[in-house]
Amino acid sequence: MARVIVDVMPKPEILDPQGKAVTGALKRLGFDGLTVRQGKRFEVDVEGDLTDERLDQVREAAEKLLANTVIEAFDVRVEQ
Amino acid sequence: MARVIVDVMPKPEILDPQGKAVTGALKRLGFDGLTVRQGKRFEVDVEGDLTDERLDQVREAAEKLLANTVIEAFDVRVEQ
Amino acid sequence: MSRIGVVTFPGSLDDHDAQRAVKLAGHEAVALWHAHESLQGVDAVILPGGFSYGDYLRCGAIARFSPIMTEVIQAAEQGLPVLGICNGFQVLCESHLLPGALIRNDVRTFVCRDQKLRVESIDTVWTGAFEPGQEITIVLKNGEGGFVADPDTLARLEGENQVVFRYLDDNPNGSLNDIAGVTNARGNVVGLMPHPEHNMEELTSPSLDGRTFFASLERFLAAVPS
Amino acid sequence: MVDTVAHAAETPDVEQPWGALGLRENEYQKIREILGRRPTSCELAMYSVMWSEHCSYKSSKVHLKKFGELGRDTPRGKLLAGIGEQAGVVDIGGDWAVTFKIESHNHPSYVEPYQGAATGVGGIVRDILAMGARPIGVMDPLRFGPLTAPDTARVLPGIVAGVGGYGNCLGLPNIGGEVVFDPTYYGNPLVNALCVGVLKHDDLHLAFARGTGNKVILYGAATGGDGIGGASILASETFDADGPAKRPSVQVGDPFMEKLLIECTLELFAENLISGIQDLGAAGLSCATSELASAGDGGMHVNLNTVPLRDHTLAPEEILMSESQERMMCVVEPHNVDRFLEICAKWDVLATVVGEVTDGDRLIIEWNGEVVVDVDPATVAHEGPVYQRPYARPDWIDGLNADTANNLPRATSDDELAAQVLALAGSPNLCDKSWITDQYDRYVRGNSVLAQPEDGGMLRIDEETGLGIALATDCNGRFAYLNPYLGAQLALCEAYRNVAVTGAEPVAITDCLNFGSPEDPSVMWQFSEAVIALVDGCRALGTPVTGGNVSFYNQTDGTNIIPTPVVGVLGVIDDVADRIGMGFTHSGDAVFLLGE
Ligand SMILES: Nc1ncnc2c1ncn2[C@@H]1O[C@H](COP(=O)(O)OP(=O)(O)O)[C@@H](O)[C@H]1O
């Protein structure tokens, strides 16, 4: 069993209303100088050996389902 | 300007219906043997130097606002 | 006639409906603005439904830190009746006035329907006028209504009669133990996902069961020496 | 280097990318003629978006004029505003008026279903808000390719979630709509959105910039690089290699911002702080500045550097074309500016004075202290090209009509008949729609008297008297395909009946005309037939058309959609307590069939 992490973030040029709201809330709470962008983190447990082929499957899954590539970018990496 | 990452994941003892739904959807798409848990990823841009004190502030912000520690665990790390 | 405060956060939607419900129940509705620091001496507070701060981050997470909530938390701890409806329930959980948390519906869509519930506890300020075990119908409409808590908390809630409402027929959102609403140990703070303020008028409601929430409150307020 | 007006005058021969911006050569020449020089790149940006089919109605204008023949009388009195305003306004009696309009967001919803549908709802809601009205409800006529087709599994859930995600978050009850499946919508779903709002007669606000010295205020979201794919061509000329980032053609909606914008704007109206108002939709600042200025009695001076930006790499051309959502523009008398900004601050809405109303009749826009736009705003907003597109009744229509249902085999046994009835009842076009409508909040605001699954939606307007309205939208594109004239009238009649059966009196109409390519003569024929049909039908019914929307180029791989003239009908009911639901209510009641 191996664990692969898929990080999905809104593309930088795309409006991130969530991040904006969080940034505003932090400021009101007195945390200054923090700018936040909010995305998603998926922990994917892969059954069996983590072959290159398996990893490619996770990448495909990310592209197809986990991220909406029109507005989001994703990054796939194996957890150390 | 430094970037700090805050990962927020549902605690293991808490049911993760979202992750379950994603796992199910992946299976239906033909991706077998993948089990997913879904959480959030925050990219926090910290103005100025990233001192230990600043990092503690981010940790406090995560504890107070970014995560709901009743059901979520969080992890703060500086991006390399 | 009592004075019942209804809080408006940025993004609150059912605040006017809650005010209308208060008036239909024969009480004075007091509008409370999130940025103010006074409860204006109200006899009870309703945190209404909606999408405070767009439901960004987590539902209720940002509203929980508004100035009025500091007052609400303090007053609730001293016994002030507080009712959290939908987003209001989420705010109460984020404020730790109620246990557990609410997460995305397991069906992963918004759900709007006339929902059957069973009243599991009448030992609260807001349910005293119901019959024990009464089955009622209340409008349900939310995207993040799945109630979760760790096993110990869940066991405690069940053991100490803090589960107030349970979904009947069909669990709409994956809530653990079909929980639709809970109370604090003292019974003055109640939160539920369904919307009793939308069950006050024949013309616009699937039932009139919302009125009993106010009848319950009246009974409670009449009993406490003011 | 920025392309200033002075520079443009000195460099008449510079090549300009008018073609890539969607302009025809004759249109570009007309711009040069109007200006007496070549346009600056900012001016070119403005003209190109404002003269697009979407903004200028250049193919449909000559036909739409016919709606004007219907006059402004409704069965309940005169329209307070008609076609030409952002939305029509209907006097419904008492002190009350209602404004409603339907719009399409078809193409963006195919590219990014959730955000496309969401921003479609957001746009129509701002139109209604800009009339001085409180938005009180939405409807969503939707059309998709076959339910079982693979891409429908991406498009449909996204669109439905987008309509719900935005509308639910604004607190607007969804009181009806349509879900229709047809193969021609595959690759080109139709997302039409209707919004209805209510106002008191005195609150009516029209879009114009009046009064020299009045301030122009932009408020709402900051401006980003949304929806300006085209303008990047211009920007790339003014930027060097490390220039602008990739610009998204997709707009992301922020319904929370829009909710604040609604409450904030209504408070501004209530304190009478607004002299003129316009929402920013397609064509963003280009549209708002040129339309406000040309509708007023003066000119306008705008300093683009004051526009708050989300992305600081934006070039002036891009700022002018950006379609960032959740923005509005107001004209405000100087002594009201402080109070205006105060109310915006209360609602956490960013507001900035970006210019002022001037003497004369020029729209002048400056960037870094230099003039980059100097135009007669009317030439941008209203004097775009008008085309008489050729139209002709297509040959295939006879064959299509000859192939009648009578040619189909008939059931030969009871069992077969029963199976057919079941198959029909379970078919996607006819089955229960609650799998979609349960994702929409129909209760919020507490005035929904009728909603799904009723034939028409009904909202209470006045809680004291029970005065209310009813709404329905309908269209069967298959009928319109067979016969666009009769099909359009059937759409009108169906929506009219669906309002009438609730107990309300139908009074006015809005429409969303979804068609294929206007450059195809058979499509233009379908379009012109549909318009004539609606004019004739409305004349017979005594109901004016108050406004609407045209969406052309709905096609996939050269195949046009079946013509889809969606009609929305508004009705008025004196007391909503008298409404009639569609279910049988008492056993023993007699059942009548009306008509032949
Ligand atoms: N996209 C939609 N949004 C909201 N309501 C819808 C939508 N589609 C259908 N409805 C509602 O569902 C009900 C049934 O629709 P439909 O099956 O089209 O009815 P009918 O066939 O009687 O016209 C109606 O109340 C209609 O307004």
Side-chain angles (χ1 to χ4, degrees), chain C residues 8-21 23-24 33-36 48-57 59 62-63 66 85-87 105 107-115 138-144 170 172 194-206 210, chain D residues 134 136 156-158 160-175 253-264 326 345-349 434-452 458-460 463 466 468 575-579 581:
Chain C
T8 298
F9 301 105
S12 290
L13 304 178
D14 303 277
D15 47 341
H16 286 278
D17 302 348
Q19 287 175 17
R20 182 197 290 116
K23 287 179 217 152
L24 287 170
W33 181 241
H34 73 108
H36 289 167
F51 289 70
S52 60
Y53 291 94
D55 272 2
Y56 296 141
L57 185 60
C59 305
I62 301 180
S66 58
I85 301 170
C86 195
N87 195 228
N105 295 348
V107 289
R108 303 216 293 161
T109 60
F110 190 93
V111 175
C112 174
R113 62 152 92 142
D114 305 340
Q115 177 69 44
I138 302 280
V139 168
L140 175 91
K141 48 188 190 96
N142 64 67
E144 308 199 18
D170 194 11
H195 286 252
E197 82 281 17
H198 285 303
N199 295 262
M200 300 292 291
E201 285 186 278
E202 249 151 271
L203 205 53
T204 54
S205 316
Chain D
R134 173 179 278 282
I136 57 169
L156 186 145
V160 170
V163 169
Y166 208 97
N168 294 342
C169 187
L170 287 188
L172 295 177
N174 185 309
I175 58 165
D254 180 356
F256 172 58
M257 184 69 231
E258 181 121 324
K259 169 69 178 163
L260 298 183
L261 207 54
I262 292 173
E263 299 305 328
C264 172
E326 292 96 21
K346 169 184 164 188
W347 288 102
D348 246 329
V349 168
S434 54
W435 63 288
I436 285 176
T437 58
D438 280 359
Q439 299 181 42
Y440 304 149
D441 183 350
R442 57 183 178 276
Y443 285 107
V444 65
R445 300 194 62 74
N447 287 314
S448 306
V449 177
L450 298 176
Q452 301 81 319
M458 184 177 287
L459 294 171
R460 176 173 61 187
E463 289 184 37
D575 187 351
V576 289
D578 297 334
R579 91 289 190 193

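Everything numeric here is computed off the predicted structure, so don't read it as measured data. By convention in this document, chain letters (A, B, ...) are assigned in the order of the sequence lines, proteins followed by strands, and residues within each chain are numbered from 1.
Ranking Asn142(C), Asp114(C), Asp15(C) against chain D, the residue ahead of the rest is Asp114(C), based on heavy-atom pairs under 4.5 Å. Contact count versus chain C (heavy atoms, under 4.5 Å) is highest, among Cys169(D), Gly164(D), Gly171(D), Ser434(D), for Cys169(D). The most heavy-atom pairs under 4.5 Å with chain C, out of Arg579(D), Glu263(D), Met257(D), come from Arg579(D). In terms of non-hydrogen atom pairs under 4.5 Å with chain D, the most contact-rich of Pro206(C), Gly50(C), Ser205(C), Gly143(C) is Pro206(C). In terms of heavy-atom pairs under 4.5 angstrom with chain D, the leader among Leu13(C), Asp55(C), Val111(C) is Leu13(C). By number of non-hydrogen pairs under 4.5 angstrom with chain D, the leading residue of His195(C), Arg113(C), Arg20(C), His16(C) is Arg20(C).
Residue contact with chain C, scored on non-hydrogen atoms closer than 4.5 Å, involves the side chain of Glu463(D) exclusively. Leu172(D) does not touch chain C: none of its heavy atoms, backbone or side chain, sits under 4.5 Å away. Interface remark: Tyr56(C) contributes side-chain atoms only to the contact with chain D (heavy atom separation under 4.5 Å). Contacts between Val576(D) and chain C at a heavy-atom distance below 4.5 Å involve backbone atoms as well as side-chain atoms. Of the two parts of His198(C), only the side chain, counted from C-beta on, holds a non-hydrogen atom closer than 4.5 Å to a non-hydrogen atom of chain D.
Aromatic ring pairs are classed by plane angle as parallel below 30°, tilted from 30° to 60° and perpendicular above 60°; the pair Trp347(D) and Trp33(C) is perpendicular. The aromatic rings of His34(C) and Tyr53(C) lie perpendicular to each other, with more than 60° between the two planes, well past the 30° mark.
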Show your working on side chain to side chain donor-acceptor pair (under 3.5 Å) between Tyr166(D) and Glu258(D) and close with a plain yes or no.
-> CA-CA 9 Å; Tyr166(D) 208 97; Glu258(D) 181 121 324; 3.2 Å; yes

Trace of the salt bridge (charged side-chain N to carboxylate O under 4.0 Å, His left out) decision for Arg460(D) with Glu201(C) = CA-CA 12 Å; Arg460(D) 176 173 61 187; Glu201(C) 285 186 278; 2.9 Å; yes

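Checked by atom type and distance alone, the side chain of Asp441(D) pairs as donor or acceptor with a backbone atom of Tyr443(D) at under 3.5 Å.
Counting only N and O atoms by type, the side chains of Asn174(D) and Gln439(D) include no donor and acceptor under 3.5 Å apart.
Atom OG1 in Thr204(C) sits 12.5 Å away from atom CZ in Arg442(D) (nearest 0.5 Å). Rounding to the nearest 0.5 Å gives a distance of 7.5 Å between CG of Asn447(D) and CD1 of Ile136(D).
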